[in-house]
Amino acid sequence: MTPVHNKILFIGPMGAGKTTAIQTLSDDMAANTEVRNSNRDMYDKATTTVAMDYGAIQLDDEQLVHLYGIPGQKHFEAVWPVIAKGAIGAILLVNASQPDWQNDMLYFLNAFPQLVTSGSLVVAINRGSDQQQLQILELLSQQNLCLPVLLTDPRDRGQLVMTLEILIANLEIETLIHE
Amino acid sequence: MNNVATPLISNTLRAACLERIKEAQSGSGGIEFLLLATSDGYSICHTIPASQDIQPSRLAAMAASFSGISDGLAANANKQSANGSIIETGHGLLVCRQIKSSRHELVLLAAYDKSTNHGLALWSLNNAAKQIANVLEHYN
């Protein structure tokens, strides 16, 4: 059987763990577009993604998932729709150890309204606690949103696969509801 | 839009780069504007006329993305890293040239009018890039 090809997006601010997550998940070496970070005042990280990350994972015999990561810095916002084209869903990664991470999450939810309103998005909290997970659920509820929120370590393949499978299961349910 | 200044680029260096791109534009016909950005997408200087409806910060980010993609494409095609890339449009060429020194990684973007051919565009942009590279060697 020819596998179904799906495109999933990794979104979130710089330093959330998108590049790491795609490298961890990808069956083969992931492609990235990292360059030297010239703005260390804003985020103390040696490199930053400027265009996209790309990897792929064969989830099962029937499904090959293409993984695309956006450049997280807000000045790349014009590039986001280019990378997002054709994506059926997204994992929004946020790093709970960063200042203002909750507002960052809201910013990215607003930046991808179609994925949010269609329920095609999962929030994955990196370096977060159970309490922070509850805070996010509450914050989403205040926005009238009901999205899965998971604690996810972008270095842990098992956790990432589970997050991906939850997103895909959610997408299948949403499709059934709207059929 | 993020307008945070780039701390690794001093004002002296920024001014010297602006001077060089102005010279490059005036010394070569067909250049509509030049824009110099960091490889992570921050505008350093440009010659975009204020009358044009173009956002330099947006263009700087997209030029950096384009160069990043070019590098990735070159590496995945076993061509090592990219030196530059060209976009052909119905209204003229857009050419990106990467400039690297020990301290800085920059992208120089040039927009050419419809009458400028590939050879002339590459020749003039290479000259401008050499001038910028010289500046990078002598300033912070």
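Letters A, B, ... mirror the listed sequences (proteins, then strands); counts begin at 1. FYI, side chains are in, hydrogens and waters are out, and symmetry mates aren't considered; it's all heavy atoms of this structure.
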task: Kindly work out whether a path of hydrophobic side-chain contacts (I/L/V/M/F/W/Y, heavy atoms less than 4.5 Å apart) joins B:L109 to B:L93.
output: no
Joint cluster assignment, A:F10 & A:V161, ILVMFWY side-chain distance < 4.5 Å: yes
Taking atom [atom1] as the centre, does [X] end up with more than 12 heavy-atom neighbours from other residues, nucleotides or ligands that are less than 6.0 angstrom away?
X      : atom1 : answer
A:R155 : CZ    : no
A:Q114 : CD    : no
B:N11  : CG    : no
B:Q80  : CD    : no
A:K45  : NZ    : yes

message: When you compare the side chains of B:D40 and A:T48, does any donor N or O come within less than 3.5 Å of an acceptor on the partner?
response: no
[X] versus [Y], closest heavy-atom pair with distance:
X     : Y     : result
A:V35 : B:S39 : CG2-O, 3.4 Å
A:S38 : B:Y42 : OG-CD1, 3.9 Å
B:G68 : A:V50 : CA-CG2, 3.8 Å
B:S65 : A:A51 : O-CB, 3.4 Å
B:A61 : A:F76 : O-CE2, 3.2 Å

message: Which atoms of B:N76 are under 4.5 Å from chain A, going by heavy atoms: the side chain, the backbone, both sets, or neither?
response: side chain
query: Rounded to the nearest 0.5 Å, how far apart are CZ of A:R36 and NZ of B:K100?
result: 9.5 Å
task: Output the distance between atom OG1 (A:T33) and atom CG (B:L73), rounded to the nearest 0.5 Å.
output: 12.0 Å
- prompt: Taking every heavy-atom pair that is under 4.5 Å apart, which of B:G72, B:G41, B:A60 has the most such pairs with chain A?
  reply: B:G41
